[in-house]
Protein chains: 2
Amino acid sequence: MDVEKSIAALNNPMRRKILEWLKDRSNFPPALPEHADLDGVCVAYIQEKAQLSQSTISNYMGLLKQAGFVSAERHGQWTFYRRNETNIRAFLSAVQDELLKS
Amino acid sequence: MDVEKSIAALNNPMRRKILEWLKDRSNFPPALPEHADLDGVCVAYIQEKAQLSQSTISNYMGLLKQAGFVSAERHGQWTFYRRNETNIRAFLSAVQDELLKS
DNA sequence: CATATATATCGAGATATCTCGATATAATGC
DNA sequence: GCATTATATCGAGATATCTCGATATATATG
């Protein structure tokens, strides 16, 4: 739990937006039939919704992953990103402690 | 509650450290007798503990104030900064909502 | 193996943040 | 008014972040 890196990752409106979008798979186009069993979203879908360049989104997802907010799983040519709820809660808990605990 | 501005203010280790120090007045030198009734800390004390320049600390406190994390009160030539617990909790609540609420 | 597709990485210009010293402002005391 | 003290603001160089297009890598398919 690197609070430093996590806050830096959140210090960008689009990255926070992406984390919100990932709460609900239906924010993105339906998965291909062969990916029906996977609960992540591929980079191209995120890029389409964010309207930023492919490299920027790939970079963003890398930062969110390093911060622990998302997990990535490769399947063939696709990388599926999904929220890591455990780590998100751990971050919130850590920030809460840092800001409130005496 | 400007989450954007708040996260930016927290995106710096020393500013977070200062917020932690302000939890406990005894992290700083004792107040002057004439300030005994005030529960804030003056800039000079914060600067001494942080070991950064006066202008940097003044800037930091300004950012923390704009984010709502601290309140400032002028008394003569001194400005006393103290945590704004209400706003800190409001921020935590907002981030929690943004990250978790569906 | 050649081509196509999806993603990651690289390099760079634009912009923002950091942090300082210098200076300005405000209040105090003589 | 003048000197001192506390804080705020200004201007700037150093560093970091943003975001892109170009390129590299990995996989799938013919």
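To find a chain, count down the sequence lines: A is the first, B the second, and so on, and within it residues start at 1. Because only heavy atoms are used, hydrogens play no part in the values below, and waters and symmetry mates are left out as well, while side chains stay in. Everything numeric here is computed off the predicted structure, so don't read it as measured data.
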> If you measure from NZ on B/K5 to CD on B/Q66, what distance do you get to the nearest 0.5 Å?
Replying inline: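 Taking NZ in B/K5 and CD in B/Q66, the distance rounds to 4.5 Å.
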Could you tell me how far apart [X] ([atom1]) and [N] ([atom2]) are, to the nearest whole angstrom?
X: A/Q66; N: D/dT17; atom1: CD; atom2: P; result: 12 Å
X: B/K65; N: D/dT7; atom1: NZ; atom2: P; result: 14 Å
X: B/L64; N: C/dT17; atom1: CG; atom2: C1'; result: 15 Å
X: A/M61; N: C/dT9; atom1: CE; atom2: C1'; result: 17 Å
X: B/L32; N: C/dA27; atom1: CG; atom2: C1'; result: 15 Å
X: A/N11; N: C/dT17; atom1: CG; atom2: P; result: 8 Å
X: B/E73; N: C/dA27; atom1: CD; atom2: C1'; result: 16 Å
X: A/Y45; N: C/dT5; atom1: OH; atom2: P; result: 15 Å

>> With a 4.0 Å limit, can you tell me whether B/N12 has a side-chain N or O closer than that to the phosphate oxygens OP1/OP2 of C/dT17?
In response: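 Answer no for this pair, as no side-chain N or O of B/N12 is under 4.0 Å from OP1 or OP2.
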> Between A/V41 and B/M14, which is nearer to the 5' end of DNA chain C once each is assigned its nearest nucleotide?
Replying inline: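 Whichever sits nearer the 5' end wins; that is A/V41.
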NA contact type, [X], heavy-atom cut-off 4.0 Å: base, sugar-phosphate, or nothing?
X: A/Y81; value: sugar-phosphate
X: A/N59; value: base
X: B/S58; value: base
X: A/L52; value: sugar-phosphate

> Taking for each residue the nucleotide of DNA chain D with the nearest heavy atom, is it A/H75 or B/T79 whose nucleotide lies nearer the 5' end?
Replying inline: B/T79
> Mapping A/S55 and A/R74 onto DNA chain D by nearest heavy atom, which one lands closer to the 5' end?
Replying inline: A/S55
> Does A/Q54 make a side-chain donor-acceptor contact with the base of C/dA6, cut-off 3.5 Å?
Replying inline: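 Per atom types, no contact qualifies.
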>> Among residues at least two apart in sequence or on other chains, which ones pass salt bridge (charged side-chain N to carboxylate O under 4.0 Å, His left out) with A/R16?
In response: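 For A/R16 the salt bridge (charged side-chain N to carboxylate O under 4.0 Å, His left out) partners, ignoring immediate neighbours, are B/E4, B/E98.
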> Quick one: which of C/dT7, D/dC18, C/dA22 gets closest to the side chain of A/A44?
Replying inline: C/dT7
>> Side chain of B/R15 only, heavy atoms from C-beta on: which candidate in C/dA8, C/dC18, C/dA27 is closest?
In response: C/dC18
> When clusters are formed by joining ILVMFWY residues with side-chain heavy atoms under 4.5 Å apart, either directly or through shared neighbours, do B/Y81 and B/L52 land in the same one?
Replying inline: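 In one cluster: yes.
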> Where is the tightest heavy-atom contact between B/W21 and B/N27, given as atom of each residue plus distance?
Replying inline: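 Distance-wise, the nearest heavy atoms are O-ND2, 2.9 Å.
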>> Closer than 4.0 angstrom, basic N to acidic O: yes or no for A/E73 and A/R82?
In response: yes
